[in-house]
Amino acid sequence: MASTTTRFYTYIAAVFLIGLIIGLLVPFRIITISQPAATGAAGTTIRPLKIAFLYLFLANPYFVIMQQGVHQAVNELRAKGIPIELTELDSQVNPSLQISQIESLISKGVDFILLFPAHESVQDTLLKAKQAGIKIITVDSDVPNKNARDLFIGTNNTEGGMIAAQLLVDALQKSGKPTPWKVVLIRGDPGIVNIDYRREGWYIVLQPLINQGKITIVTEQIAQGTRRDTALTVMENILARTKDIDAVLTINDESLLGAYQALTSAGLQPGKDVILVGYDATDDAVKLIKEGKVYGSLAQAPYIEGYWAVYAAFYMFYFNWKPNYPNNNWITTPVVGVTAENADTFKQIVAVPKPLPP
Amino acid sequence: MTSIRGRSKANAERRFLIIIPQELRAPLIAFAGLFIVSALISSNFLTPYNQKILIVQTAPLAMLALGETIVLLMGSIDLSPGSVMGFASLVAAVAYVYWGLGFELSVLMGILAGAMSGFLIGLMVTKGKIPSFVASLAMLVGLRGLILVGTQGVTVSGLTIYSDVFLKEYVSIPIMIYMMILFVVFLYFILKLTSFGLQIYAIGGNEEAVRVSGINVDLIKIIGFTMAGFLYGIAGIMITARLQVAYAWTGWGAELDAIASCVLGGISLAGGVGHPVGPLLGAYMLTLITNIMILLGIDPYYQWVVKAIILVIIAGTTLARQLRYAK
């Protein structure tokens, strides 16, 4: 009899323990509980919208901001009673990982895949997903085959690059430095389309000036992974070659901050001796812009990209919306050149929820 | 035990007879060759500024390579240096900025976090009987995951004190470099002049024989891995001093550079052969290659190819000669 009682308590304890473990796992999002389908006004259940969002790399603040936009949109819609199941995945800048993630999403069965393509090679898998009836929205970066996706939401990086280069030229003109201006370009790894487009934009503005002899490019180097530490090393090495530099144009703000670090430790005064222009307008860079040490940067709108992507999926799913935008269905998101003048206000343009453009 | 001690004494005598140890000659030749060629082809190479940045760029990699050396000498391999370095720099940064611990204490915590990671790998390898390749791969992935969970991709800034302390210059050389030299000397002492060091070499030579002779191999291995982790932790502190921020990307991919530095410095991947000063030369050479290509203004696309060719030439110099003396 005693043994039965003991067994009973063991049983209770085991159940309790399992419950506890599951209870602990839920807040850490190791297990997700799908929300029960909400009931519409007419008593019919709304079919849940299953969205998967594949970020390129969540260790990059840029995608963290994008994620905030996604969460904002999802929470707004959930508050209105729309049952959205959101699966979020981190592709870790790894095309083969992203391909296997898409493949598992096909077998899992989702309605929408929203993604930053890690590489153009994922487009064949996207076509497979489309055959399986999944709608695809590319966010921030596009695939070459426009049939592989239904909609693209992102910045016009060529235009962004042009604005950044124009900022640099403006600053050089204001500074009154003698021509030819000696400019260092620090770019990212080749083959990443956004970076290539930015560079194309740079040269659209700079090439005429180079031809006129107003600008000489001292050197153009690659900061691997567009990271702060690689850019620091690259800039240090460039400075070992020559310190006669008027301006540095970098492909993103992480590289900018690395270059900034190298310039200061070499005894040059950024903002005075050397004019710096970056791209992305991260918090660290904006701080330096306010201090007058960096001339400018370019704000993209990852927040709005994420936000719009979810809303686009929502309209397409429930209202059978067929987006029809120019340039192969491309919704361009705002880009703003950031300088000391608008360093406090630019976020109102790029980091607040906005309705989708018509 | 007595036989090993006896060999140590004999080794010591031989070492004093020849000023440059045999295992260090090939890397030194490669190093000198590379240095002279660089000085000849670029007028900017020998400038004080360039030499200073070269050695400062080398320092964190050299610490990683030194740690890796201990592991490689034991005949194991360690894939975790990059992640451990990032983890240590992050722990120190978080302790300083968010937990409000003092500077010294937070730096110590960072280094201890590195040592702790090494200790864990040691435990996995010895007690768990997991091959070091897998155990350290797990650490590589796991710690990077912890870093991402901890930072959520956000950069920890407000660490200018690091560069104030570690990049402060005495006789126009930053403290970081004195630290690096200190650790190289320390490691040389440990590995070449103590019985513990000899046991590390012996384990790399023939682990089974050392076990049979009654030495606690597991303990030595755990200490070895912990020391390696400790050195990676120092590297993490150094990289923070250079960047003045701690961020999730720190040390991404650095493990291969560390292993390459060791190999270029004449450390055998099979274990048991190599000189502790070698990795320092290896790390310097690896840094020099990147530097000289930018000084010469080589097209970025060609830099990869050129780097490959130089690497093969150096490895050919250091390894082909060394093989005569390897087991």
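Labels below follow one simple rule: chain letters A, B, ... track the order of the sequence lines, proteins then strands, and each chain is numbered from 1. Keep in mind the model is a prediction, meaning the values are calculated, not measured.
A/Thr233 contributes atom OG1, which lies 10.5 Å from atom CG of B/Leu61 (distance to the nearest 0.5 angstrom). The CG atom of B/Asn291 lies 11.5 Å from the CZ atom of A/Arg241; values are rounded to the nearest 0.5 Å. A distance of 8.5 Å separates CD of A/Gln224 from OG1 of B/Thr290, quoted to the nearest 0.5 Å.
Side-chain contact between B/Leu167 and A/Ser265 is absent, with no heavy atoms from C-beta onward closer than 4.5 Å.
Residue contact with chain B, scored on non-hydrogen atoms closer than 4.5 Å, involves the backbone of A/Thr242 exclusively. For A/Phe63, no part sits under 4.5 Å from any heavy atom of chain B, backbone or side chain. For a residue to count as touching a neighbouring chain, one of its non-hydrogen atoms must lie under 4.5 Å from one of that chain's; by this rule A/Val234 touches chain B with backbone and side chain alike. Contacts between A/Glu220 and chain B at a heavy-atom distance below 4.5 Å involve the backbone alone (N, CA, C, O). Heavy-atom distances place both the backbone and the side chain of A/Leu239 under 4.5 Å from chain B. Using a 4.5 Å cut-off between heavy atoms, A/Asp284 contacts chain B through its side chain alone, with no backbone atom that close. In this structure, the portions of B/Arg242 lying under 4.5 Å from any heavy atom of chain A include both its backbone and its side chain.
Within 6.0 Å of the NZ atom in B/Lys168, the count of heavy atoms belonging to other residues, nucleotides or ligands does not exceed 12. Counting heavy atoms of neighbouring residues, nucleotides and ligands inside a 6.0 Å radius, atom OH of B/Tyr178 exceeds 12 of them.
The two residues A/Asn237 and B/Leu295 have their closest heavy-atom pair at O-CD2, 3.4 Å. Here the closest heavy-atom approach between residue A/Gln261 and residue B/Leu243 is recorded as OE1-O, 3.7 Å.
Within residues 44-58 of chain B, the residues approaching chain A closer than 4.5 Å by heavy atoms are, in numerical order, B/Asn44, B/Thr47, B/Tyr49, B/Asn50, B/Ile53, B/Gln57.
Annotation: maximal heavy-atom pairing with chain B below 4.5 Å, among A/Leu232, A/Asp283, A/Thr219, occurs at A/Leu232.
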Begin with the C-alpha distance, continue with both residues' side-chain angles, and end with the deciding distance and a verdict on side chain to side chain contact (heavy atoms under 4.5 Å, CB included) for B/Thr250 and A/Asp229.
CA-CA 8 Å; B/Thr250 308; A/Asp229 52 348; 5.7 Å; no

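The side-chain hydrogen bond (donor to acceptor under 3.5 Å, both in side chains) test applied to A/Tyr260 returns no partner, not counting sequence neighbours.
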